[in-house]
Amino acid sequence: MSEGRIPVSVITGFLGSGKTTLLARLLQHPAMGDAAVIINEFGEIGLDHHLVESSRDDVMVMSSGCLCCTIRTDLVDTLRTLHRKREQGEVSKFRRVLVETTGLADPAPILHTLMNDPLVSRQYALDGVITTVDALHGRKQLDDHFESLKQAAVADRLLLTKVDAASPEEIALLRERLQRLNPGAPLIEVVQGEIDPAVLFDAGLYDPATKSSVVTEWLRAEAFEDEHAQGHHHHHHNHDVNRHDARIHAHCLVFDCPLDWRYFSPNLASLVSRHAEKLLRVKGILNVQGEPQPVVVHGVQHQFQRMRLAAWPDEDRRSKLVLIARDLDRKTIEAWLRDDRLAELGR
């Protein structure tokens, strides 16, 4: 990671799912003393009893030493202002940023900003999405509110809150549903917001040059894998783990042979162009012909990044592409990436 590029974690979750409790607990942890927190309104989070001093404008210094600020105009302006104050010595040299969304927020615009805004991406990089899910009411919220479904679908970490108030049967049903919806996200039970920060952070590939060893955990393709037929260019996984919840599908395509980027890249670009609004999250590690290093792709809807890893994380050299999509089935995706289509483009 280049000097000064700071990892950003997005904390999201539906109304009443425990974001406030989680964040309040995190801010009391000694390991969070070098963090900055961006929230929508101070009044929403009830952190007054942690306040030590208030500086000018919208930045507050918490008792743990971390910073807390509100979004005055938009996220870009807030992040740039915070970074400027950091560099000018007006605030401490924070090394991590947490962005808390509102309960009804779609996290996609925040991910777009972090991944693709040129002013922001020079200073910050997306680490991961942490989503809180209410164990007591989570299943009904997933049924009734698409925002809740999308928040869970794009998560890198899923936190089950209020597990002390829900029955074991209810928790088991919710876990099963979330595992179908987002097989790649670890499910972690949390009581009263208590959790080790180390479990939540460093979930992404914001430093691809040095994080090759954890790309397997980031992609978590094995969570999608099932028994598959041999002899195909890529494998077909038909286990229940890949079925969608309501309108959302989770897929993992595995390619045995190195990919010809001249053909694969236009096909992937066409898929994104045609179905951008349906692609909630895309992650992949690809073996590209002529490339000695693996290529990592990461996308949210129409926004995509391509990076090179320093080395393969293990002996497996297959390309793996994980897609979480709304109203987009596996057959349609495969149609855009199939061999004969690649051949057609190459003619």
Side-chain angles (χ1 to χ4, degrees), residues 108 111-112 115-116 153-154 180-184 205 208 215-216 218-244 247-309 312-313 316-347:
L111 305 188
H112 291 168
M115 291 171 60
N116 290 281
V154 302
R180 289 198 308 266
L181 176 66
N182 187 349
L205 285 178
V215 67
T216 303
W218 172 75
L219 188 62
R220 286 181 62 86
E222 73 282 355
F224 297 77
E225 294 198 18
D226 187 29
E227 294 298 324
H228 52 264
Q230 298 294 328
H232 293 271
H233 175 69
H234 55 76
H235 303 292
H236 301 269
H237 307 282
N238 298 311
H239 193 272
D240 285 352
V241 74
N242 286 330
R243 289 207 305 252
H244 64 86
R247 300 163 64 187
I248 295 180
H249 304 246
H251 310 286
C252 180
L253 304 183
V254 181
F255 300 82
D256 291 332
C257 300
L259 302 171
D260 189 326
W261 195 251
R262 296 172 301 168
Y263 305 146
F264 186 83
S265 180
N267 276 5
L268 182 60
S270 296
L271 173 67
V272 172
S273 176
R274 178 68 179 270
H275 299 291
E277 294 305 313
K278 299 177 181 180
L279 293 172
L280 305 184
R281 198 89 187 262
V282 179
K283 300 179 181 180
I285 179 170
L286 307 177
N287 185 346
V288 176
Q289 291 178 14
E291 292 280 359
Q293 300 166 304
V295 173
V296 170
V297 293
H298 182 207
V300 178
Q301 295 180 335
H302 62 284
Q303 305 286 0
F304 262 72
Q305 290 180 331
R306 178 187 175 192
M307 303 173 286
R308 286 183 176 84
L309 288 180
W312 284 90
D316 191 349
R317 297 294 187 269
R318 296 176 300 167
S319 297
K320 299 177 182 180
L321 191 65
V322 170
L323 306 97
I324 297 179
R326 177 189 184 189
D327 297 331
L328 191 62
D329 61 28
R330 185 187 186 90
K331 188 174 295 186
T332 300
I333 295 170
E334 290 179 332
W336 284 93
L337 301 177
R338 67 180 187 265
D339 294 350
D340 58 340
R341 182 174 172 82
L342 297 177
E344 289 169 7
L345 287 175
R347 292 192 183 108

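Just the heavy atoms: all of them, side chains too, but no hydrogens, waters or symmetry mates, feed the values below. If you read the sequence from its start, that first residue is 1, and numbering goes on from there.
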Non-hydrogen side-chain atoms of [X] and [Y] separated by less than 4.5 Å:
{"X": "L337", "Y": "L321", "value": "yes"}
{"X": "E334", "Y": "L253", "value": "yes"}
{"X": "Q289", "Y": "F264", "value": "no"}
{"X": "V272", "Y": "L279", "value": "yes"}
{"X": "N267", "Y": "W336", "value": "no"}

Walk me through whether T332 and D329 qualify under side-chain hydrogen bond (donor to acceptor under 3.5 Å, both in side chains). CA-CA 6 Å; T332 300; D329 61 28; 2.7 Å; yes
When rounded to the nearest 0.5 angstrom, what is the spacing between [atom1] in [X] and [atom2] in [Y]?
{"X": "R318", "Y": "F255", "atom1": "CZ", "atom2": "CZ", "value": "12.0 Å"}
{"X": "I333", "Y": "L328", "atom1": "CD1", "atom2": "CG", "value": "4.5 Å"}
{"X": "L323", "Y": "R330", "atom1": "CG", "atom2": "CZ", "value": "9.0 Å"}

For the pair V295 and M307, evaluate side chain to side chain contact (heavy atoms under 4.5 Å, CB included) and give the outcome as yes or no after the intermediate values. CA-CA 6 Å; V295 173; M307 303 173 286; over 6 Å; no
Please determine whether a side-chain nitrogen of the Lys or Arg among E291 and R317 lies less than 4.0 Å from a carboxylate oxygen of the Asp or Glu.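 Judged by the 4.0 Å cut-off on N to carboxylate O distance, E291 and R317 do not form a salt bridge.
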If we ignore hydrogens and angles and just use 3.5 Å, is the side chain of S270 paired with the main-chain N or O of P266 as donor and acceptor?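 Yes, S270 side chain to P266 backbone: donor-acceptor pair under 3.5 Å.
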With a 3.5 Å distance limit and no angle check, can you tell me whether N287 reaches the backbone of S319 through a side-chain donor-acceptor pair?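 Side chain of N287 to backbone of S319, a donor-acceptor pair under 3.5 Å: no, none is there.
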Applying side chain to side chain contact (heavy atoms under 4.5 Å, CB included), run through N182 and I324 and close with a yes or a no. CA-CA 8 Å; N182 187 349; I324 297 179; 3.6 Å; yes
Got a sec, which residues hit side chain to side chain contact (heavy atoms under 4.5 Å, CB included) with Q293, two or more places apart in sequence or on another chain?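 So Q293 forms a side chain to side chain contact (heavy atoms under 4.5 Å, CB included) with R308.
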Which heavy atom of P292 sits nearest to which heavy atom of W312, and what is that distance?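 Heavy atoms of P292 and W312 come nearest at O-NE1, 4.3 Å.
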Kindly give the heavy-atom pair with the smallest separation between C252 and V322, and that separation in Å.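 Scanning both residues completely, I find the closest heavy atoms to be SG-CG2, 3.9 Å.
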Taking salt bridge (Lys or Arg N to Asp or Glu O under 4.0 Å) as the definition, give me every residue that meets it alongside R274, ordered by chain and number, with sequence neighbours left out.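 Salt bridge (Lys or Arg N to Asp or Glu O under 4.0 Å) check on R274 returns nothing, list empty.
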Pairing donors with acceptors under 3.5 angstrom, does anything connect the side chains of H298 and R306?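 No donor-acceptor contact under 3.5 Å links the two side chains.
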